[in-house]
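Take a look at the structure below.
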Amino acid sequence: EIVITSTRQEIDKQWGLYNGFDVIMERKLRARIKRGVSCYGREMPRMVPIPPGMEFSHIVPHDVDLDSEEANEVGSDSPDPPVWADIMRFFSNPRKPMILALARPDPKKNITTLVKAFGEHHELRNLANLTLIMGNRDVIDEMSSTNGAVLTSVLKLIDKYDLYGQVAYPKHHKQSEVPDIYRLAARTKGVFINCAYIEPFGLTLIEAAAYGLPMVATQNGGPVDIHRVLDNGILVDPHNQNDIAEALYRLVSDKQLWAKCRQNGLDNIHRFSWPEHCKNYLSRVGTLKSRHPRWQKSDDATEVSETDSRGDSLRDIHDISLNLKISLDSEKSGSMSKYGRSSTSDRRNLEDAVQKFSEAVSAGTKDESGEKAGATTGSNKWPSLRRRKHIVVIAVDSVQDADLVQIIKNIFQASNKEKSSGALGFVLSTSRAASEIHPLLTSGGIEITDFDAFICSSGSDLCYPSSNSEDMLSPAELPFMIDLDYHSQIQYRWGGEGLRKTLIRWAAEKNSESGKEAVVEDDECSSTYCISFKVKNTEAVPPVKDLRKTMRIQALRCHVLYSHDGSKLNFIPVLASRSQALRYLYIRWGVELSNMTVVVGESGDTDYEGLLGGVQKTIILKGSFNSAPNQLHAARNYSLEDVVSFDKPGIASVDGYAPDILKSALQQFGALQG
């Protein structure tokens with residue numbers, strides 16, 4: 001929804017490198033949204049720079065007598081801090097302005113270039129001293145090789161340019177002494193420098209400005225934003241040694257320029273204070289009110305004040321925390337049984353909370369196709385999933401329809417005892433639409449009611465078997481009732497009809513490029529949250545990796561999945577997937593993921609990897625009945641073994657799908673009794 005960065009440079013120079021973000025397109029889309037013009041399913045996160053906030057209330061910069069040759073603080077009678085003596089002992093003339101660098105001895109901090117710039121600019125050497133605060137050290141040989149090499153190079157350069165008496169490099173300092181070091185540099189009318197090759201933000205520049213120090217800073221990264229606000233110094237090319245030296249010389253030699261930069265920094269430093277930071281953050285979060293569906297109360301709702309939107313966001317956070325606390329407390333309270341399940345009372349509390357939340361969401365949901373919001377609410381219609389001790393999820397994609405039907409029958413046969421007793425439940429997870437599942441099962445003599453739930457259309461629909469005609473999916477009058485609460489969880493940023501029109505244009509372009517029909521919309525298998533296409537020429541369509549890249553570049557936020565050996569292509573909401581649907585079953589009905597066993601083939605649809613590993617158990621069916629992996633599905637160029645541990649206890653591979661083989665595998669995971 002919104003990405004908060006520290007600097008504008010991160011947005012323009014870093015995020016702009018990614019396929020999923022384009023500065024110009026983001027602005028155009030935002031402008032279209034404000035005008036109420038359709039974006040055709042395109043959505044791009046808002047990028048907002050908010051710098052880190054700092055606490056300045058304890059900082060009191062001393063007045064400096066600009067005409068004094070000795071550059072002492074005015075009206076300061078307190079004794080000098082000990083760290084001042086530790087630094088001043090290095091200098092033959094400690095009254096000269098101090099150039100202060102405070103950075104660890106890392107090659108990226110470019111300290112050696114600073115020493116070269118200072119050593120080779122004779123006017124600068126005559127006018128100023130250089131102080132290098134490079135962390136703490138005891139023995140250089142005991143430092144890391146990288147830091148030790150930098151520090152050794154610095155010492156060699158000091159010797160090369162004979163900078164003894166002009167450069168300070170103390171071995172130790174305390175964190176509490178850093179403010180005193182800034183004050184010393186300001187007292188001598190010095191300059192703070194950060195000439196790193198790239199600086200992500202540059203918090204030390206703000207700290208130095210708060211103590212009245214002008215800055216010379218790298219032009220790469222956060223200092224650009226800091227300079228835009230403070231206007232208290234000069235930006236330089238960190239690769240240009242002469243550029244660095246000249247900028248330092250200008251500031252220490254020109255008293256009027258030094259005084260102007262010092263005052264600009266002190267006048268504007270409040271813009272980096274904590275109160276300003278928090279105000280900026282809350283105002284940005286407040287703008288989400290008009291963009292996030294949970295804050296869109298109705299089409300004709302009046303504008304809510306910024307304060308109200310902040311309250312909404314805080315209430316959302318409170319609600320999430322409360323629900324999470326119920327879940328965690330039940331696991332920590334010691335009321336866990338030896339099987340790892342929480343006590344009945346704690347579980348009932350969680351279930352009641354989830355039920356109330358689900359009913360509230362479903363009651364306010366209006367499905368575009370006209371299904372009734374009450375289809376899955378009400379205790380008398382709750383699925384039997386909550387009564388199961390174990391769930392078998394059948395998610396075999398890489399087989400023909402006849403093999404899938406036989407696999408289902410064999411699983412039922414292997415688990416007949418537990419199935420009859422109600423201890424074992426079944427979920428079918430597939431890329432097929434509900435309209436395809438019904439004829440497939442009935443043709444094999446399998447009852448719809450043999451399953452507790454159906455994850456359809458690659459995870460964009462979740463259905464339950466139903467014999468009530470009022471609950472059946474229209475217009476086909478299929479014996480399923482849809483879970484509208486699940487839809488409310490996945491609808492976020494779904495492009496809907498606008499996305500569909502964009503995809504149809506994309507398909508037309510592919511057909512034109514190939515000279516024949518390559519991709520055709522599949523109206524029968526498409527649904528509210530799944531736009532489905534038939535792929536008639538697999539050579540004319542890009543692999544899923546390239547297709548996802550295209551979607552991101554076009555600001556189309558959706559999941560892209562190939563199925564049926566590349567002959568089907570589904571576009572679903574970015575929050576929808578078959579693995580997420582399993583998690584939803586856990587949240588909605590209390591089905592423990594550890595008590596789920598997912599049965600898959602040797603390969604599968606694009607989302608195949610998401611069904612492996614995790615908390616659930618996995619059975620992989622091996623054999624010649626599996627189709628060869630389709631290259632269109634490949635979302636990676638490395639072996640699956642690199643990301644999935646097939647030798648862990650929760651994954652088992654078996655040859656074939658005979659009932660006795662399946663029974664043995666299910667017994668191994670405790671789904672069936674031995």
Side-chain angles (χ1 to χ4, degrees), residues 2-15 23 26-27 30 45-64 66 100-103 178-183 185-186 189-196 198-236 247 250-251 256-288 305-307 309-310 313:
I2 183 171
V3 175
I4 297 176
T5 67
S6 298
T7 64
R8 171 62 59 181
Q9 189 267 353
E10 290 174 273
I11 298 174
D12 297 337
K13 303 298 184 182
Q14 297 182 41
W15 279 97
V23 175
E26 188 274 331
R27 292 171 182 166
R30 184 149 40 98
R46 178 85 180 272
M47 296 283 180
V48 176
I50 300 180
M54 290 186 64
E55 178 57 60
F56 299 119
S57 61
H58 64 287
I59 299 176
V60 181
H62 292 275
D63 294 330
V64 175
L66 299 178
L100 173 62
L102 199 158
V178 171
D180 292 327
I181 297 174
Y182 287 131
R183 287 178 54 228
K189 298 179 185 177
V191 177
F192 184 81
I193 181 167
N194 180 337
C195 58
I198 183 168
E199 183 62 50
F201 182 68
L203 211 55
T204 53
L205 295 171
I206 298 176
E207 292 175 347
Y211 286 93
L213 274 173
M215 73 172 187
V216 171
T218 177
Q219 65 184 12
N220 300 327
V224 176
D225 286 25
I226 295 174
H227 182 265
R228 186 182 297 117
V229 174
L230 298 182
D231 190 22
N232 70 327
I234 302 172
L235 298 179
V236 296
R250 281 185 59 194
L251 281 172
Q256 297 303 319
L257 177 61
W258 183 90
K260 178 184 177 182
C261 289
R262 165 188 162 87
Q263 196 58 47
N264 285 349
L266 294 174
D267 290 344
N268 296 310
I269 196 66
H270 68 278
R271 295 175 64 179
F272 290 102
S273 66
W274 269 111
E276 190 74 16
H277 163 82
C278 294
K279 178 182 176 182
N280 197 1
Y281 171 74
L282 289 174
S283 66
R284 296 297 186 181
V285 172
T287 61
L288 300 186
S305 69
E306 182 177 295
T307 304
S309 69
R310 295 175 193 170
S313 67

Under 3.5 Å, which donor-acceptor pairs do the side chains of residues 49-56 form with other protein atoms, sequence neighbours left out?
residue : atom : partner : partner atom : Å
E55     : OE2  : S57     : N            : 3.0
E55     : OE2  : S57     : OG           : 2.5

Among residues at least two apart in sequence or on other chains, which ones pass side-chain hydrogen bond (donor to acceptor under 3.5 Å, both in side chains) with [X]?
| X | result |
| --- | --- |
| N232 | none |
| N268 | none |
| Y211 | none |

* Asked: Does the side chain of I11 come within less than 4.5 Å of R8's, by heavy atoms?
  ->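 Yes - at least one pair of side-chain heavy atoms lies under 4.5 Å apart.
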* Taking C-beta and beyond as the side chain, do T7 and V224 meet within less than 4.5 Å on heavy atoms? -> no
* Sub-3.5 Å donor-acceptor pair from the side chain of W258 to the main-chain atoms of K189, do we have one? ->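 Answer holds: yes.
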* Going from CD1 on I206 to CZ on R271, what distance comes out if it is rounded to the nearest 0.5 angstrom? ->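 I206 atom CD1 to R271 atom CZ measures 11.5 Å (nearest 0.5 Å).
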* Asked: Got a second to check how far L102's CG is from T204's OG1, nearest 0.5 Å?
  ->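 The CG atom of L102 sits 6.5 Å away from the OG1 atom of T204.
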* Set of residues satisfying salt bridge (charged side-chain N to carboxylate O under 4.0 Å, His left out) with respect to R228, sequence neighbours excluded -> D225
* Walk me through it: do N264 and L230 pass the test side-chain contact (heavy atoms from CB on, under 4.5 Å)? => CA-CA 6 Å; N264 285 349; L230 298 182; over 6 Å; no
Show the atom names and distances, to 0.1 Å, of all donor-acceptor pairs under 3.5 Å that link a side chain in residues 213-222 to residues at least two apart or in another chain.
residue : atom : partner : partner atom : Å
T218    : OG1  : A196    : O            : 2.9
T218    : OG1  : N220    : N            : 3.2
N220    : ND2  : Y197    : O            : 3.0

* **Intermediate values then yes/no, side-chain contact (heavy atoms from CB on, under 4.5 Å), W15 and V23** => CA-CA 9 Å; W15 279 97; V23 175; over 6 Å; no
